Amino acid sequence: MTDFIKDPVVSLPDRMPEPVIPGDELFFTDEEKKQIETWVSRYPTADGAVMRVLWLAQEKFSFLPAEVVQLVANALDMPYAKVYGVATFYTQYFKEKKGKYVFDVCTCFSCQWCGGYDMLHYLEEKLRVHAGETTGDGLFTIQEAECLGACGSAPMLQITNGPYVHNLTREKIDALIDALREGNMPAFESVTLPQDEDELSGNRRTDVDKTTSSVTPPVSETVK
Amino acid sequence: MASKAGDWRNYKRVLLPPVKDLHRLDVYEDHGGYDALRQALTTDKWDPASVTDEVKKSGLRGRGGAGFPTGLKWTFMPPVNPDVPRFICCNADESEPGTFKDRQVMEYNPHLVFEGMVLAGYAMTIKTAYLYVRGEYADWITHMERELEKAYAKGYVGENIMGSDFSMDIVIHKGAGAYICGEESSLMNSLEGRRAYPRIKPPFPAQKGIWNYPTTINNVETFAHVPLILSKGADWFSSIGAPSSPGPVLYGISGHVNRPGVYEYPSGMLISDLIDEVAGGMRGGKKLKAVVPGGSSVPVLRADMIDGVTMDPEGLRDAGSMLGTAGMLILDQDTDMVSFLRRITHFYHHESCGQCTPCREGTGWLENIVTRIDEGEGNVKDLDLLIDLCSQMEGRTVCALADAAAWPVRHTITRFREEFEAKCRPSLVATHVESAAV
């Protein structure tokens with residue numbers, strides 16, 4: 001506590017919260033440090049790289065507790081408060097422990113009217129947890145997401161800030177959960193442009209394994 | 001009013017031309033890729049000023065939502081001072097609900113964006129460009145980084161591009177999920193490693209942008225037009241579509257149509273053509289109820305308001321809406337407009353950055369009151385309370401998010417008032433309070 005505040009109205013915590021990541025695991029490897037240096041070199045100040053380093057830290061520690069935020073702050077020589085401010089501002093940085101697979105089910109606007117909530121509720125029933133919660137085995141977290149920019153292939157979800165799964169149906173969700181239980185992440189799914197279907201008779205990319213055409217679900221799926 | 005898109009049925013796509021694997025550098029090169037850049041850097045045809053002039057002459061207007069003339073924006077950059085760095089930023093944050101066009105450009109034609117960025121850098125003498133992509137697009141960031149690496153290896157980006165004395169770097173910056181980052185000044189704060197709070201304007205980015213240095217920010221689709229304008233000419237570009245906002249447009253159509261997706265057609269298409277012919281008509285043969293023509297923040301149009309309305313800024317302004325991002329949501333007869341508005345207000349409440357009080361508190365109250373009505377607990381006077389609340393948010397904040405949250409509330413209520421009243425608790429005394437003009 002600074003000297004000039006003699007009688008603080010609010011008592012501020014004078015120490016960090018209890019760490020959850022063991023101290024001997026809390027470091028960046030030399031390789032990661034090199035990667036961070038490369039990112040830093042691309043910006044006029046090291047602060048510019050903070051989002052990338054937070055991503056790196058989240059991939060490594062799966063979420064961002066206070067000691068990880070401190071680690072990132074140390075790596076970039078930034079104040080803890082500033083990094084904490086960034087880490088808590090953006091929705092994709094996890095401030096608490098989540099499941100191994102996080103389902104961000106889009107329910108915004110276009111998805112809402114193409115069955116996004118049906119898919120969210122189906123997932124909730126299937127996994128027996130509410131949106132925002134994690135299953136008991138720590139495998140799945142369900143979240144309601146804001147627009148993920150795949151309105152043409154609604155409803156859709158994103159798995160742990162990674163691959164998109166487009167044109168969701170109940171069957172597709174069943175298959176997805178079975179695959180994830182076996183540890184198989186779905187491959188990149190390319191949504192074919194309707195004009196490509198006419199002019200190129202399908203998806204234009206030959207380097208993707210999985211394609212889907214953007215179709216709305218049948219009326220029976222979403223309209224009661 | 002008739003379509004301004006001319007013979008659109010025979011339109012040949014240029015942003016996403018029908019070429020297999022165009023996202024690969026070798027295929028892109030085989031189809032005239034980086035030719036415009038080569039001509040600019042290695043021949044006398046284009047000096048930096050003439051590139052800007054050509055873009056100005058073409059009439060290209062920004063495709064990110066505001067529709068500001070691109071060439072004019074470029075001229076706002078101060079004269080070159082070798083001691084002062086300057087930047088380009090490509091806004092690929094695309095998070096307006098209903099908008100998904102930029103992702104298609106990044107997936108299917110990323111080199112066109114890189115080429116456009118380097119050409120813009122050449123026009124404004126800029127050495128560093130940032131491509132700010134929203135964090136959700138992780139897969140597309142990986143794909144683009146792979147292609148960008150190839151472009152570096154071939155010398156289209158980096159030191160002494162194509163043997164000339166012009167050098168420019170492109171850095172892909174990964175966001176982490178915040179709608180507000182699509183606003184240019186908060187995007188700049190985000191790039192600098194701060195919370196993405198919008199900044200007060202002026203100063204505009206051209207005076208004080210990233211790290212307070214001169215910066216030009218354009219949308220992905222806007223940059224993608226630049227190589228086409230240089231290789232085919234400004235006259236070709238300005239002859240396409242609506243004269244006031246010419247050029248090809250990526251229409252993102254979603255909702256209750258048979259073939260949703262991103263379509264490339266000239267600007268100034270009739271909304272009715274886009275629904276009935278392009279997107280294959282209404283799903284299940286249902287009747288059209290409403291159209292949101294350009295992302296969630298633009299005023300919604302009733303089905304009876306779209307007769308003869310064209311997708312260009314003037315056409316939509318006259319109809320009582322805006323072009324926005326040309327991400328259209330089509331809604332059929334079964335849509336509950338109260339529930340529709342409830343979800344929009346939830347979105348803006350979630351995405352308000354919290355910097356300005358009218359927005360932080362106002363978006364929350366909008367959601368609370370609309371939710372109350374949606375759950376049958378509202379009173380008719382709540383509708384006027386909502387409109388009054390909108391008036392207290394609009395124009396009273398640093399950025400336009402408060403306005404973007406207020407417009408759909410104001411216009412959905414005024415245009416579908418009966419539906420809202422029907423969900424309110426019945427009133428014993430008939431009330432009639434004048435609503436604000438549509």
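By convention in this document, chain letters (A, B, ...) are assigned in the order of the sequence lines, proteins followed by strands, and residues within each chain are numbered from 1. Please read all numbers here as calculations on a predicted model, not as lab measurements.
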Task: Side-chain heavy-atom pair A:Q195, B:V262 within 4.5 angstrom cut-off - done: no
Task: Heavy-atom proximity to chain A below 4.5 Å, by part of B:H143 - done: side chain
TODO: Determine the interplanar angle of the B:F340 and A:W113 rings, folded into 0 to 90°, and report it as parallel if under 30°, tilted if 30 to 60°, perpendicular if over 60°.
DONE: tilted
Open item on the list: Counting only non-hydrogen atoms closer than 4.5 Å, does B:E96 touch chain A with its backbone (N, CA, C, O), its side chain (CB onward), both, or neither?
Closed with: backbone
Task: Check: B:K174 and A:M51 side chains under 4.5 Å, non-hydrogen atoms - done: no
Task: Which of A:T192, A:V50, A:N161, A:D47 touches chain B most, by non-hydrogen pairs under 4.5 Å - done: A:D47
TODO: Could you walk me through whether B:F100 and A:V191 pass side-chain contact (heavy atoms from CB on, under 4.5 Å), step by step?
DONE: CA-CA 11 Å; B:F100 52 111; A:V191 181; over 6 Å; no
Task: Side chain, backbone, both or neither of B:C181 within contact of chain A (heavy atoms, under 4.5 Å) - done: side chain
Open item on the list: Rounded to the nearest 0.5 Å, what separates atom OH in B:Y108 from atom CG in A:L193?
Closed with: 5.0 Å
- [ ] Nearest 0.5 Å please: distance from the CG atom of B:D139 over to the CD atom of A:E189.
- [x] 10.5 Å
- [ ] Taking B:D21 for its side chain and A:T206 for its backbone only, find out whether a donor-acceptor pair lies under 3.5 Å.
- [x] yes
Open item on the list: Between B:S190 and chain A, with a heavy-atom cut-off of 4.5 Å, which part of the residue counts as in contact: side chain, backbone, both or neither?
Closed with: both
Task: Flag for B:E107-A:S190: side-chain donor and acceptor within less than 3.5 Å - done: yes
- [ ] Answer with side chain, backbone, both or neither: which region of B:T99 has an atom nearer than 4.5 Å to a non-hydrogen atom of chain A?
- [x] backbone
TODO: Tell me, for B:Y130 versus chain A, whether the close heavy atoms (under 4.5 Å) come from the side chain, the backbone, both or neither.
DONE: side chain
Open item on the list: Does any backbone or side-chain atom of B:A196 lie under 4.5 Å from a heavy atom of chain A? Answer side chain, backbone, both or neither.
Closed with: both
Open item on the list: So if I take each residue of residues 179-186 of chain A and look for any heavy atom under 4.5 Å from a heavy atom in chain B, which residues do I end up with?
Closed with: none
Open item on the list: Which atoms of B:L191 are under 4.5 Å from chain A, going by heavy atoms: the side chain, the backbone, both sets, or neither?
Closed with: both
Open item on the list: One thing to verify: whether B:K20 and A:D196 come together as a salt bridge, which I'm taking to mean a side-chain N less than 4.0 angstrom from a carboxylate O.
Closed with: no
- [ ] Against chain B, work out which of A:S213, A:A87, A:P44 has the most heavy-atom pairs shorter than 4.5 Å and name it.
- [x] A:P44
Open item on the list: Strictly distance-based, threshold 3.5 Å: is any side-chain N or O of B:R259 a donor or acceptor partner for the main-chain N or O of A:P194?
Closed with: yes
Task: Closest-packed option against chain A by number of heavy-atom pairs under 4.5 Å, given B:Y137, B:Y179, B:F87 - done: B:Y137
Open item on the list: For the residue pair B:R103 / A:Y164, report whether a side-chain donor-acceptor contact shorter than 3.5 Å exists.
Closed with: no
Task: Test: A:E146 and B:R134 ion pair at under 4.0 Å - done: no
TODO: Against chain A, label B:D336 side chain, backbone, both or neither, depending on which of its atoms sit under 4.5 Å from a heavy atom there.
DONE: both
Task: Atom group of B:L331 that falls short of 4.5 Å from chain A, counting heavy atoms - done: side chain
Task: B:Y11, part contacting chain A, at a heavy-atom distance under 4.5 Å - done: neither
Task: B:Y213, OH: over 12 other non-hydrogen atoms inside 6.0 angstrom - done: no
- [ ] With the side chain counted from C-beta on, respond yes when A:R52 and B:I172 share a heavy-atom pair under 4.5 Å apart, and no when they do not.
- [x] yes
Open item on the list: Are more than 12 heavy atoms, taken from residues, nucleotides or ligands other than B:E277, located less than 6.0 Å from that residue's CD atom?
Closed with: yes
TODO: Name the option with the most non-hydrogen atom pairs under 4.5 Å to chain B; the candidates are A:C151, A:C147, A:A145.
DONE: A:C151
Task: Any donor-acceptor pair under 3.5 Å from A:Q158 side chain to B:E136 backbone - done: yes
Open item on the list: For the backbone of B:L16 and the side chain of A:R204, can you confirm whether one donor and one acceptor N or O come within less than 3.5 Å of each other?
Closed with: yes
Task: A:K82 (side chain) donor-acceptor with B:R195 (main chain) under 3.5 angstrom - done: no
Task: Crowding at CG, A:D77 (>12 non-hydrogen neighbours, <6.0 Å) - done: no
TODO: Tell me, yes or no, whether the heavy-atom count around A:K210 atom NZ, taken from other residues, nucleotides or ligands under 6.0 Å, exceeds 12.
DONE: yes
Open item on the list: Any salt bridge linking A:E199 with B:K12? Criterion: basic side-chain nitrogen under 4.0 Å from a carboxylate oxygen.
Closed with: no
Task: Residues of residues 89-112 of chain A near chain B, each having a heavy atom less than 4.5 Å away - done: A:F89, A:Y90, A:T91, A:Q92, A:Y93, A:T107, A:C108, A:F109, A:S110, A:Q112
